[in-house]
Undergrad: 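Attaching a single structure in structure tokens format; questions to follow.
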Amino acid sequence: MTAPLIDPFARAITYLRVSVTDRCDFRCVYCMAENMTFLPKKDLLTLEELDRMCSTFVSMGVEKLRITGGEPLVRRNIMSFFNSMTRHLESGALKELTLTTNGSQLHRFADDLYAAGVRRVNISLDTLDEDKFSKVTRWGRLRQVLNGIDAAQKAGLRIKINAVALKGFNEEELPSITKWCAQRGMDLTWIEVMPMGDIGNEDRLDQYWSLKDVRREYENHYTVTDLAERTGGPARYVRLEETGQRIGFITPLSHNFCESCNRVRLTCTGQLYMCLGQEDMADLRGVLRDNPDSEQPLEAAIRAAIDLKPKGHDFDYSRQAVDGQMSRHMSHTGG
Ligand code: SAM
Ligand code: SF4
């Protein structure tokens, strides 16, 4: 193990999110346009390169690895990558291996993920209404995701549901989604819609439902207590006293919680983004491919990149225009 990764603002970088593909079997309206052009295969890190990349980060102090995308479970042979990461869990260097998924393939992979050492998954689900689900995901089927959730719970995986708060879309479902999560013993987090990527004709400001309003909606139904718990990300938690449930709010736009940020993001093409809301990145793929027999140049490139981690992001909806709009898609950077 080499010296830990500390950024210029004294934040230890212990959490890496890795996008393993930009592809997806859904076309969620806030994430993708219907007709997406995906990257050529040669641009993607191979599974072996992903292993080298992640293993190097783990040797530099990364303790938590979240696999995302695009939809991580549509990448061919992705289980071999999960299985190869198991060795870092077994050595104790990696404390948690996890993923964010749309749930469509979980009925196939839940048992294998558990066997690889995954214990928790985040599943994205914005509505429990079949028609609305088809509308928001364009290509998804609710039944398949619900089957995936069943399979995951049966396999012993803990589940957190992530719902994007969408004005005029899932507002009135807040009590029913909350109750459904409580009944199934699943945590629930609401995410504010972020200005990522060109999504075709959809209007960001139309989609934006402030989590301040979501919280107020909870206060209309429950006694809401703030929790001190932090995960190093932009999530804040409350407890609903009537049910004992923990509800999360991810508010990258209406609040700025960058001071405790402990994470960086690796794209499926091997670029390291130090901040979701900034363009600064380092191309690690070139370094990796130029040095097939030594990880030292990669380590040096990672350290140099972390030295550039900015203090915070520039997203801002407050002036009724989408400032800080990011041209890259969430599915490329990894949500
Ligand atoms: N396909 C997987 C999924 O949907 O969970 C993993 C990748 S997806 C990009 C990760 C998360 O980003 C999902 O919870 C999704 O709802 C969220 N997301 C995508 N685009 C977003 C946007 N513009 N604003 C806020 N959240 C977004
Ligand atoms: Fe696919 Fe996830 Fe984006 Fe939806 S949010 S289109 S499931 S990557």
Side-chain angles (χ1 to χ4, degrees), residues 17-36 38-39 66-75 78 98-106 109 113 120-127 132-142 144-145 148-149 152 159-167 169-170 177 186-200 202-211 214 233-235 248-254 263 265-268 273 276-277 313 315 317 322 324-335:
R17 298 171 76 104
V18 184
S19 170
V20 295
T21 177
D22 61 333
R23 285 159 202 261
C24 189
D25 51 348
F26 291 1
R27 291 289 182 277
C28 302
V29 295
Y30 44 76
C31 180
M32 293 191 181
E34 183 139 29
N35 297 311
M36 292 287 289
F38 292 110
L39 296 161
R66 177 175 296 280
I67 308 308
T68 176
E71 174 46 43
L73 297 180
V74 302
R75 169 107 192 221
I78 191 63
T98 181
L99 74 154
T100 301
T101 172
N102 65 22
S104 70
Q105 306 302 316
L106 271 178
F109 292 119
L113 287 167
R120 296 194 305 160
V121 289
N122 287 1
I123 301 177
S124 306
L125 182 63
D126 305 328
T127 173
K132 282 161 76 178
F133 187 83
S134 308
K135 268 200 190 96
V136 76
T137 61
R138 290 198 187 101
W139 294 6
R141 284 189 303 119
L142 179 63
Q144 197 171 334
V145 173
I149 291 174
I159 296 176
K160 178 159 79 78
I161 298 293
N162 282 339
V164 176
L166 296 165
K167 193 156 77 183
F169 179 76
N170 53 11
I177 293 177
M186 304 185 297
D187 285 331
L188 171 62
T189 290
W190 293 91
I191 310 177
E192 224 167 41
V193 76
M194 286 182 270
M196 305 288 294
D198 175 8
I199 50 166
E202 306 291 331
D203 184 335
R204 297 281 177 198
L205 287 171
D206 278 358
Q207 296 177 345
Y208 182 60
W209 179 23
S210 159
L211 293 197
V214 178
F249 298 98
I250 301 186
T251 55
L253 298 167
S254 56
R263 60 199 57 195
R265 292 176 163 80
L266 187 69
T267 69
C268 52
Y273 279 90
L276 187 59
H313 63 66
F315 290 135
Y317 278 124
V322 186
Q325 166 92 34
M326 302 300 302
S327 56
R328 63 185 191 274
H329 279 266
M330 192 77 125
S331 49
H332 181 65
T333 321

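Just so you know, residue 1 is the first one in the sequence shown, and it goes up from there. These numbers were taken from a predicted model, which means no experiment stands behind them. As a basis for the values below, the full set of heavy atoms in this structure was taken, side chains included, without hydrogen atoms, waters or symmetry mates. Each ligand, and each atom within it, is numbered from 1 in the order the structure gives.
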Undergrad: Decide yes or no for F249 and E192: does some side-chain heavy atom of the first lie under 4.5 Å from some side-chain heavy atom of the second?
TA: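 The answer is no; the side chains never approach within 4.5 Å.
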Undergrad: Applying a heavy-atom cut-off of 4.0 Å, say which part of C24 lies close to ligand 2: side chain, backbone, both or neither.
TA: side chain
Undergrad: Which atoms of ligand 2 sit under 4.0 Å from any heavy atom of G70?
TA: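 Listed by number with element: 8 (S).
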Undergrad: Under the criterion side-chain contact (heavy atoms from CB on, under 4.5 Å), I'd like the reasoning laid out for D25 against L73: C-alpha separation, chi angles, the key distance, then a yes or no.
TA: CA-CA 10 Å; D25 51 348; L73 297 180; over 6 Å; no
Undergrad: Using a strict cut-off of 4.0 Å, indicate which atoms of ligand 1 neighbour a heavy atom of T101.
TA: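 Those atoms are 2 (C), 3 (C), 5 (O).
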Undergrad: Heavy-atom distance under 4.5 Å between the side chains of V136 and V164, does that happen here?
TA: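 V136 vs V164: side chains apart.
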Undergrad: Need the ligand 2 atom indices (1-based, order shown) with element for anything under 4.0 Å from a heavy-atom of C28.
TA: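 Near C28, the atoms of ligand 2 are 4 (Fe), 5 (S), 6 (S), 7 (S).
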Undergrad: For ligand 1, which atoms have a heavy atom of G69 less than 4.0 angstrom away?
TA: 7 (C), 9 (C)
Undergrad: Do any nitrogen or oxygen atoms of D126 lie less than 3.5 angstrom from nitrogen or oxygen atoms of ligand 1?
TA: no
Undergrad: Please report whether ligand 1 has a polar contact with T68, defined as an N or O pair separated by less than 3.5 Å (distance criterion only).
TA: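 In this structure, T68 places no N or O atom under 3.5 Å from an N or O of ligand 1.
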Undergrad: Would you check, one step at a time, whether the test side-chain contact (heavy atoms from CB on, under 4.5 Å) holds for V145 with F26?
TA: CA-CA 11 Å; V145 173; F26 291 1; 3.9 Å; yes
Undergrad: Report yes if some heavy atom in the side chain of N170 is under 4.5 Å from a heavy atom in the side chain of W209; otherwise report no.
TA: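 Side-chain contact under 4.5 Å: yes.
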Undergrad: Whether the side chain of R27 engages the backbone of T137 through a donor-acceptor N/O pair (distance < 3.5 Å, no angle test) should be reported.
TA: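 Not confirmed, R27 side chain does not pair with T137 backbone.
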Undergrad: Of the backbone atoms (N, CA, C, O) and the side-chain heavy atoms from C-beta on, which set of V164 has a member under 4.0 Å from an atom of ligand 1: side chain, backbone, both, or neither?
TA: side chain
Undergrad: Show the atoms of ligand 1 that are less than 4.0 angstrom away from any heavy atom in Y30.
TA: 16 (O), 18 (N), 19 (C), 20 (N), 21 (C), 22 (C), 23 (N)
Undergrad: Suppose we screen for salt bridge (Lys or Arg N to Asp or Glu O under 4.0 Å). Which residues come up paired with K135, at least two apart in sequence or across chains?
TA: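 In terms of salt bridge (Lys or Arg N to Asp or Glu O under 4.0 Å), with neighbours along the sequence ignored, K135 is linked to no residue.
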Undergrad: Can you tell which part of T100 has a heavy atom less than 4.0 Å from ligand 1: side chain, backbone, both or neither?
TA: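 Answer for T100: both.
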Undergrad: Is the side chain of E71 donor-acceptor paired with the backbone N or O of N102 at a distance under 3.5 Å, no angle test?
TA: yes
Undergrad: With a cut-off of 4.0 Å, which atoms of ligand 2 are near a heavy atom of F26?
TA: 6 (S), 7 (S)
Undergrad: Under a 4.0 angstrom heavy-atom cut-off, which atoms of ligand 1 come close to G70?
TA: 1 (N), 2 (C), 6 (C), 7 (C)
